[in-house]
Amino acid sequence: MKVLVTGGAGYIGSHTCLTLLEAGMEPIVIDNLCNSSAESLARVEALTGGKIPFYPGDVRDEALLDRIFTEHTISCVIHFAGLKAVGESVQIPLTYYENNLGATISLCKVMSRHGVKAIIFSSSATVYSGDNEMPLKETSRTGGCTNPYGWTKYMGEQILRDTAKSDPAWSVVLLRYFNPVGAHESGRIGEHPNGIPNNLMPFITQTAVGKRDHLNVFGDDYPTPDGTGVRDYIHVLDLAKGHVAAIRYLLSHTGTEVFNLGTGQGYSVLDMVHAFQDATGITIPYEIAPRRPGDLPTCYADPAKSREVLGWQAEHSLKEMCRDSWNWQKQNPNGYEG
């Protein structure tokens with residue numbers, strides 16, 4: 001079975017391609033490489049012995065998409081492609097709306113033309129309103145997003161819901177990710193952010209490898225056990241396996257369904273620092289910095305629906321997340337650039 005993976009050379013995309021190959025599926029990748037590296041796909045091929053047809057290009061290029069759907073009999077699509085830096089989205093909102101929403105619209109149009117009406121959308125916990133009680137369920141309130149990136153995910157979900165509502169042949173699964181961390185246990189593929197990382201774990205590992213002299217902890221006065229923000233961290237391979245489970249669901253159901261992909265366990269920033277130190281023996285110097293606007297005190301998932309409906313649950317421990325993150329970083333201090 002062939003699966004088109006948009007943004008498949010990225011962090012989550014590359015791990016998902018590996019997991020698809022291990023599950024006997026055939027990923028086909030389109031990626032414009034604006035925040036990823038084709039080297040990730042070469043390494044996935046080396047790890048699995050599989051082949052990944054790769055089309056360098058933008059998902060908004062409908063002619064290229066037409067060519068892909070003509071050259072391959074695709075069963076479904078996993079749509080990762082999109083800009084994803086929260087802070088950057090505040091600075092250049094029009095770029096985010098144009099890119100993220102434009103790509104989703106172009107993709108749906110071409111899929112319709114070729115009769116492929118099954119899609120998994122890479123969504124985010126950022127679509128949930130900040131006033132929800134924890135843990136977050138799929139039925140928790142959405143909207144009230146605090147940044148344009150979050151709004152693009154919220155609007156992307158709505159575009160796909162409306163598309164499925166207009167044509168009962170469509171099957172849509174919206175996967176709301178929490179905080180992916182870790183890397184493949186080989187250390188050959190992992191997270192390679194361009195410029196300043198947006199997420200905690202790359203900051204920790206870059207500090208550990210000497211690229212940064214300390215970690216900034218944004219706020220220590222939140223109403224949490226140690227005053228630092230609490231998040232639901234999930235190993236990227238568990239997240240990738242969630243997509244395989246979602247494909248199996250997707251191909252036997254129509255309409256739209258939403259699933260949280262998280263562990264159901266919240267860890268604070270300092271919990272993560274201490275867990276990393278325990279897993280690696282490396283001390284992480286940190287300084288307390290002012291809170292970042294828009295950050296919530298606590299955000300973690302209720303993953304019960306994914307367990308009950310998809311038969312999926314996260315399996316990796318926090319220690320394994322830290323160990324695998326460090327294994328990737330120490331082998332690849334400059335990411336895929338060497």
Side-chain angles (χ1 to χ4, degrees), residues 4-13 29-36 55-66 68 77-113 117 119-132 136 138 140-167 170 172-180 193-199 256 258 260-261 292-296 299:
L4 177 62
V5 184
T6 75
Y11 172 44
I12 302 173
V29 169
I30 176 173
D31 197 308
N32 66 8
L33 304 178
C34 75
N35 192 33
S36 58
Y55 293 81
D58 197 293
V59 179
R60 292 171 293 173
D61 182 347
E62 292 186 23
L64 177 56
L65 286 178
D66 273 319
I68 295 170
V77 176
I78 302 177
H79 182 30
F80 291 115
L83 300 173
K84 62 175 187 174
V86 168
E88 183 183 63
S89 78
V90 176
Q91 296 163 355
I92 51 171
L94 295 182
T95 301
Y96 269 68
Y97 288 120
E98 180 181 45
N99 183 84
N100 292 7
L101 300 182
T104 301
I105 292 167
S106 293
L107 181 60
C108 287
K109 286 164 64 179
V110 176
M111 288 174 67
S112 288
R113 285 203 291 269
K117 299 181 179 181
I119 185 169
I120 295 169
F121 180 58
S122 163
S123 192
S124 165
T126 57
V127 304
Y128 288 114
S129 301
D131 58 354
N132 281 296
L136 291 165
E138 288 83 356
S140 296
R141 287 180 302 281
T142 57
C145 304
T146 56
N147 55 76
Y149 164 73
W151 280 117
T152 67
K153 291 300 184 184
Y154 178 87
M155 293 175 188
E157 287 193 3
Q158 193 61 48
I159 289 167
L160 290 166
R161 286 181 192 277
D162 290 340
T163 301
K165 194 178 293 185
S166 73
D167 181 350
W170 275 84
V172 173
V173 170
L174 309 173
L175 295 181
R176 293 176 181 160
Y177 308 159
F178 281 71
N179 295 72
N194 288 349
I196 298 173
N198 302 300
N199 304 317
T256 302
V258 184
N260 284 335
L261 293 186
R292 292 181 300 190
D295 276 356
L296 299 174
C299 181

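Minimum heavy-atom separation, Gly144 to Ser129: N-OG, 4.4 Å. Counting all heavy atoms, side chain and backbone alike, Gly57 lies closest to Leu64 at CA-CD2, 3.7 Å. Taking each heavy atom of Ile159 and Ile105 in turn, the nearest pair found is CD1-CG1, 4.0 Å. Scanning both residues, Leu296 and Gly130, for their nearest heavy atoms gives CD2-CA, 3.9 Å.
Taking 4.5 Å as the limit, some side-chain heavy atom of Trp170 sits within range of a side-chain heavy atom of Ser112. Val172 is not listed as a side-chain neighbour of Thr163, based on a closest heavy-atom distance of 4.5 Å or more. Inter-residue side-chain proximity for Asn179 and Asn199 is flagged as unmet; no heavy-atom pair is nearer than 4.5 Å. Within the 4.5 Å cutoff, the side chain of Glu88 has no heavy atoms near those of the Thr95 side chain.
Asn100 places a side-chain N or O within 3.5 Å of a backbone atom of Leu83 that can act as its donor or acceptor partner. Between the Ser106 side chain and the Ala103 main chain, no donor and acceptor come within less than 3.5 Å of each other. Between the side chain of Tyr96 and the backbone N or O of Ala85, at least one donor-acceptor pair lies under 3.5 Å. No donor-acceptor distance shorter than 3.5 angstrom exists from the side chain of Asp61 to the backbone of Asp58, with no hydrogens or angles considered. In this structure, Asn147 contributes its side chain and Val90 its backbone to no donor-acceptor pair below 3.5 Å. Thr6 contributes no side-chain N or O that, together with a main-chain N or O of Ile30, makes up a donor-acceptor pair within less than 3.5 Å.
Note that the CD atom of Gln158 and the OG1 atom of Thr256 stand 9.5 Å from one another [nearest 0.5 Å]. A distance of 7.0 Å separates CG of Asn32 from CG of Asn99, quoted to the nearest 0.5 Å. Expressed to the nearest 0.5 Å, how far CE of Met155 lies from CG of Asp162 amounts to 12.5 Å. Between atom CH2 of residue Trp151 and atom OG1 of residue Thr146 there is a gap of 9.5 Å, rounded to the nearest 0.5 Å. In this structure, the separation between CZ on Arg60 and CG on Leu101 is 10.5 Å, given to the nearest 0.5 Å. Taking CG of Asn35 as the start and OH of Tyr11 as the end, the distance is 13.0 Å to the nearest 0.5 Å.
Take Glu138 and apply the side chain to side chain donor-acceptor pair (under 3.5 Å) test, not counting sequence neighbours, and it matches no residue. In this view, Leu33 and Ala9, Asp31, Ser36, Ala38, Phe54 satisfy the side chain to side chain contact (heavy atoms under 4.5 Å, CB included) rule, not counting sequence neighbours.
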What side-chain donor-acceptor pairs closer than 3.5 Å can you find for residues 119-128, not counting sequence neighbours?
unit_1 : atom_1 : unit_2 : atom_2 : d
Ser122 : OG     : Tyr177 : OH     : 3.4
Ser123 : OG     : Glu157 : OE2    : 2.6
Ser124 : OG     : Thr126 : N      : 2.9
Ser124 : OG     : Thr126 : OG1    : 2.9
Tyr128 : OH     : Lys137 : O      : 3.2
Tyr128 : OH     : Arg176 : NH1    : 3.1
Tyr128 : OH     : Asn260 : OD1    : 2.7

Handout entry: Steps toward side chain to side chain contact (heavy atoms under 4.5 Å, CB included) verdict (Arg161, Val258)
Key = CA-CA 10 Å; Arg161 286 181 192 277; Val258 184; 3.4 Å; yes
